[in-house]
Amino acid sequence: LTTAKMGESPTAAPELPEDFVRNFLYRNTMERTFESFQQEWFERVALGLQQPSSVAAPDIYRINQELTDELAALREEVKKLRETAGKAQSGEEKMRKERDFHRLQHRRVLQEKAELLQDLKRMHAHCKELEPAVAVLEGKYDALLRQNMLTTIDRDRARQQINTLQSTQRPATMPTAPPTAPPPQQTMRKPPTAGSQSGTLRFGRETTMLTDTMPDPRLTQPLPSFNAWTSSRVRQSLAGAAIDAHTQPVSCVAAHPSKNVVATGSDDGIVKIWNCPGRCDCEQGGVLEGHRGWVAAVDFSQSGELLASASGDATVKLWDLEKQVCTATLAEHSHPVWAVSIHHSGVFAASGSMDAAVKIWDLNTGRSRQTLRAHKESVNTVAFQNYSNTLLSGSADRTLVLWDARSGLATKTLRAHGVTVNSVAFNRAGDRFASADSDGLVLLWDTRSLTPVWSSHTAPGIAANRLAFDPSGSVLAVAREDGTVSLIETAGGVEANTLTGHTDAALGVAFAASGDYLVSAGADCTVRLWA
């Protein structure tokens, strides 16, 4: 290398002719020629026949070699660039096809949007045309209701006058006849009143909401005798009698508050009444038809004369159990109704719906008194606390909400479940309530402190569909998705027994008021009695 000046890069020294030849032979692996050249060259130099060169070899040879190497490198780079260009071209073609496809889809969506807008405009115009006719029909309907109410009042007055005249004239016209019992007085039916099986309401006066200061009669009177579910009884093997109750899954079951009577609701839209005089013996006592969708919940009034049923047709129906007719249809929910609970007074009821609303119904008027909104998703379960205006609701938004039914305000929101809440229930004394969710978690709560007393999660992933306390409040029954019914002792949260028999999910459970038996309903279309 030649010495470079300060700040310049060194340059290669000029190559001598003999060195150029040696490098040429070496690069081309001409070993024999290289050795012959070396031998002959050094012999000539030793004999003085050849002097070492002092003139550099022409640069053209070196430049040609460099250009050859550079050309080979460029050809390799061109090859790689061609491969990259080919891949880019195929990707561009694919993107072009996708663009054309999405463009066609966009045009189709625009056409469908235009058609839907035209249909919407036509529907709006049609609705506006029908508004006058609807207003006329509403006026006629209101007039007929008023006329019906006035006619009913006049009829009752006339009957009362006839009874009074008969009672005053009978001694003068029949002095020798033996005394007879006076004709039965016309009595007012308990709310809600109804004119026929179709469920047409005779609207009465609005009921005043009861206060929470009314005494609980059970605090001053002994509880009616019942067959207590003691710890030994819960742990023993229980026999279950199966009844083919419906043609489709039995979604709910409720026990009469004072008689051995059970009500069941099914996906076939039918409510059935069962007389169960024996622990393992039931016979059908009535069929209540009228719902146009599945029946999701049933509940007896505390007097036992009224039954409420909630349905997927977005209505709640009230049934007169003596006459087995529908006395009212409550239809103000916009989505299926999942739950219903009748207040202890028998004149109010609460319902929970998929429209995320809880409604308080006045059974005297058949109208909604209040709509309670705090849940963000479907309300799956509701329950009144006994002899109180406190209402508890559970929702698919994973929360429990305690309500004051008088003011319609949410007094407390409880967040302890991580999934959908399926069921809630108060015990008979009202000092405890339980909640269950679709992951199988069961919580027992203290009503005063609103904190969990214990939790039971013995079957993770298996939904707990329904809860029920026994009359003494010492046992909690849980109907589960795997077809079993778990019996949990409330004193410590220990699962004392598991009842197996249903071949599909257990959807409902209830204790008889007498405590003689436990009844469960299942998706296998059967009802089972356990004693």
Side-chain angles (χ1 to χ4, degrees), residues 1-117 376-377 396-398 417-420 437-441 457-463 481-482:
L1 294 177
T2 60
T3 303
K5 294 182 180 180
M6 183 67 67
E8 296 182 358
S9 59
T11 58
E15 193 174 25
L16 298 177
E18 58 270 24
D19 291 335
F20 176 81
V21 173
R22 290 190 187 95
N23 292 335
F24 176 80
L25 295 176
Y26 181 79
R27 277 197 300 269
N28 291 279
T29 64
M30 301 172 66
E31 296 179 358
R32 288 180 297 172
T33 306
F34 178 78
E35 292 176 358
S36 298
F37 173 77
Q38 287 283 76
Q39 183 179 1
E40 186 176 0
W41 176 265
F42 286 113
E43 286 178 355
R44 289 177 63 85
V45 171
L47 296 174
L49 299 177
Q50 182 71 38
Q51 295 295 327
S53 302
S54 59
V55 181
D59 289 341
I60 187 65
Y61 299 108
R62 180 178 57 79
I63 294 173
N64 284 342
Q65 185 62 38
E66 292 176 355
L67 290 175
T68 301
D69 296 340
E70 185 177 357
L71 179 62
L74 290 174
R75 284 177 178 172
E76 185 67 22
E77 186 176 355
V78 168
K79 181 179 178 182
K80 293 180 179 179
L81 290 174
R82 283 178 178 173
E83 292 177 356
T84 304
K87 293 179 180 179
Q89 186 176 4
S90 62
E92 181 186 6
E93 185 67 23
K94 182 178 179 181
M95 293 294 293
R96 186 181 294 110
K97 291 181 180 179
E98 290 182 357
R99 181 201 63 187
D100 296 339
F101 172 77
H102 289 298
R103 184 176 292 171
L104 291 175
Q105 294 293 324
H106 180 66
R107 291 176 181 174
R108 181 181 62 80
V109 170
L110 290 178
Q111 292 175 355
E112 293 180 355
K113 179 183 177 181
E115 294 176 359
L116 290 174
L117 288 175
K376 298 179 181 178
E377 297 184 32
D397 63 7
R398 302 172 290 179
H417 291 278
V419 291
T420 298
D437 63 29
S438 58
D439 189 45
L441 175 63
H457 203 192
T458 57
I462 300 176
E481 189 69 20
D482 59 358

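In what follows, every heavy atom counts, from backbone to side chain, and hydrogens, waters and symmetry copies are set aside.
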- Message: Closer than 4.0 angstrom, basic N to acidic O: yes or no for Asp100 and Lys97?
- Response: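 No salt bridge links Asp100 with Lys97.
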
- Message: Between the side chains of Lys79 and Glu83, is the shortest nitrogen-to-carboxylate-oxygen separation below 4.0 Å, so that they form an ion pair?
- Response: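 No, Glu83 and Lys79 are not salt-bridged.
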
At what distance, to the nearest 0.5 angstrom, does [atom1] of [X] lie from [atom2] of [Y]?
X      : Y     : atom1 : atom2 : answer
Thr68  : Glu66 : OG1   : CD    : 10.0 Å
Leu71  : Asn64 : CG    : CG    : 11.5 Å
Glu77  : Glu70 : CD    : CD    : 10.5 Å
Gln39  : Arg44 : CD    : CZ    : 13.5 Å
Leu104 : Arg99 : CG    : CZ    : 10.5 Å
Glu76  : Leu81 : CD    : CG    : 10.5 Å

Quick check: closest heavy atoms across [X] and [Y], and the distance to 0.1 Å?
X      : Y      : result
Asp437 : Gly418 : OD2-N, 4.4 Å
Glu377 : Asp397 : CB-N, 3.9 Å
Leu25  : Phe34  : CD1-CA, 3.7 Å
Ile462 : Glu481 : CG2-N, 3.9 Å
Phe37  : Arg22  : CE2-CG, 3.9 Å

- Query: Going by atom types alone, do Arg108 and Gln105 pair a side-chain donor with an acceptor below 3.5 Å?
  - Reply: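 A donor-acceptor contact under 3.5 Å links the two side chains.
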
Above 12 or not: heavy atoms from other molecules or residues under 6.0 Å from [atom1] of [X]?
X     : atom1 : answer
Arg32 : CZ    : no
Glu93 : CD    : yes
Gln38 : CD    : yes
Gln89 : CD    : no

- Message: Apply salt bridge (Lys or Arg N to Asp or Glu O under 4.0 Å) to residues Glu92 and Arg96 and explain how you reach the verdict.
- Response: CA-CA 6 Å; Glu92 181 186 6; Arg96 186 181 294 110; 3.1 Å; yes

